[in-house]
Amino acid sequence: MRLVLLGAPGSGKGTQAKQISQKFGLPHISTGDILRQAVKDAIPLGLEARGYMDRGELVPDHLILNLIKERFKSPDAQKGFLLDGFPRTVAQASGLEEMLGQQGMKIDLACSLNVDREELIKRLTSRRICSGCGAIYNLLFQSPQKEGLCDKCGGRLEQRVDDQRQTVENRLEVYLRQTQPLLEFYGSRSLLRDINGNAPPEKVFQDISAILQGK
Ligand code: AMP
């Protein structure tokens, strides 16, 4: 199964993707995670991408499409995958369609997590990530047992630079302008399923699982 998870920053894509990927045995491909690792490793992709990411802007399409092309070459991506944070523009979605089409493949489903704007801002600005294992916390409704430390590995919890208020507002603008048109892109291909992302994470997971089990 080839699945796309759509939704604004903070809609819960990362949290859901981790669980879906486990339950359905699909590799979780997050362009945001790949880019953050590239920045950490200071490889050319990271050096090019960093400025855009810190400002909350999108990294240029050609860099992202190359990154995905490389990732798809790994054997684990041959039987299916779960895309998180990609595609983010119509050009990326068309590029993906073309890339898969050349191998006689296509996207099976695009699930859109829909969350109200105020809720997104609240979630993003209170999100913390473990610098050790990448676990996601939220100071409002999923705080760690010991302040500032990961329950799973004891790593230090950090706020992403782009989760600060000003950058969050910019990321939401960018989402509306550049990514929201993808709903129409996948809707017109009858691949879109809407999910109420305001619900608690367990309920969202149940709803997505039910859709995937029906496929
Ligand atoms: P995310 O973790 O998905 O919120 O991504 C963090 C940042 O990485 C975004 O704000 C963008 O700067 C960049 N990014 C991630 N995925 C993409 C993509 N598909 N297209 C362009 N930029 C991306």
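Here the structure is a predicted model, which is why all the values come from computation and not from measurement.
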Any heavy-atom pair between the side chains of [Y] and [X] that's under 4.5 Å?
X: C130; Y: C153; result: yes
X: K146; Y: D151; result: no
X: S21; Y: Q19; result: no
X: P144; Y: C150; result: no
X: Q178; Y: R88; result: no
X: Q78; Y: K73; result: no
X: Y186; Y: C111; result: no
X: L172; Y: V168; result: yes

Judged by modelled atom types alone, do [X] and [Y] share a side-chain donor-acceptor pair under 3.5 Å?
X: S209; Y: D207; answer: no
X: D41; Y: Q37; answer: yes
X: N138; Y: S126; answer: yes

Point to revise | Main-chain N/O of E118 paired to D116 side chain as donor or acceptor, under 3.5 Å | key: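 Looks like no, no N/O pair under 3.5 Å.
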
Practice item. Return yes if some donor-acceptor pair links the side-chain N/O of E119 with the main-chain N/O of V115 below 3.5 Å, else return no. Key: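 No; judged by distance alone, with no hydrogens or angles, the pair does not exist.
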
Point to revise | Evaluation steps, side-chain contact (heavy atoms from CB on, under 4.5 Å), between L82 and V4 | key: CA-CA 6 Å; L82 166 57; V4 171; over 6 Å; no

Salt-bridge criterion met for [X] and [Y] (N-O under 4.0 Å):
X: D84; Y: K18; result: no
X: E158; Y: R156; result: yes
X: R171; Y: E57; result: no

Tell me if the [atom1] atom of [X] is crowded by more than 12 foreign heavy atoms within 6.0 Å.
X: K203; atom1: NZ; result: no
X: E147; atom1: CD; result: no
X: R160; atom1: CZ; result: yes

Identify the two heavy atoms, one from [X] and one from [Y], that lie closest to each other, and give their separation to 0.1 Å.
X: L140; Y: K122; result: CD1-CG, 3.4 Å
X: D162; Y: M53; result: CB-O, 3.7 Å
X: K152; Y: Y137; result: N-OH, 3.7 Å
X: Q159; Y: R127; result: CG-O, 4.1 Å
X: K13; Y: L6; result: CD-C, 3.8 Å
X: G80; Y: L26; result: C-CD2, 4.1 Å

Between [atom1] of [X] and [atom2] of [Y], what distance do you get to the nearest 0.5 Å?
X: Q180; Y: Y175; atom1: CD; atom2: OH; result: 5.0 Å
X: Q103; Y: F72; atom1: CD; atom2: CZ; result: 8.5 Å
X: L96; Y: K106; atom1: CG; atom2: NZ; result: 12.0 Å
X: Q92; Y: H62; atom1: CD; atom2: NE2; result: 11.5 Å
X: K40; Y: L35; atom1: NZ; atom2: CG; result: 13.5 Å
X: T125; Y: E169; atom1: OG1; atom2: CD; result: 9.5 Å

Exercise for review: Could you check S112 against L192 for side-chain contact (heavy atoms from CB on, under 4.5 Å), going step by step and ending with a plain yes or no?
Suggested key: CA-CA 7 Å; S112 169; L192 188 70; 4.0 Å; yes

Are [Y] and [X] connected into the same hydrophobic cluster when the rule is that any two of I, L, V, M, F, W, Y join if their side-chain heavy atoms are below 4.5 Å apart?
X: I136; Y: I29; answer: no
X: L120; Y: L183; answer: no
X: L5; Y: V204; answer: yes
X: V161; Y: L124; answer: no
X: L139; Y: I129; answer: no

Check your understanding: When L3 is tested against each of L109, L83, D108, I107 for side-chain contact (heavy atoms from CB on, under 4.5 Å), which residue passes?
Key ->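 The passing option is L109.
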
Check your understanding: Passes side-chain contact (heavy atoms from CB on, under 4.5 Å), I208 versus L113? Steps please.
Key -> CA-CA 9 Å; I208 301 178; L113 298 179; 4.0 Å; yes

Review point. Just checking, R55 and Y52: is the charged tip under 6.0 Å from the six-membered ring centre and within 45° of the axis?
Key: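 Yes, R55 and Y52 form such a contact.
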
Exercise for review: Would you check, one step at a time, whether the test side-chain contact (heavy atoms from CB on, under 4.5 Å) holds for F81 with R71?
Suggested key: CA-CA 11 Å; F81 46 72; R71 181 62 185 84; over 6 Å; no

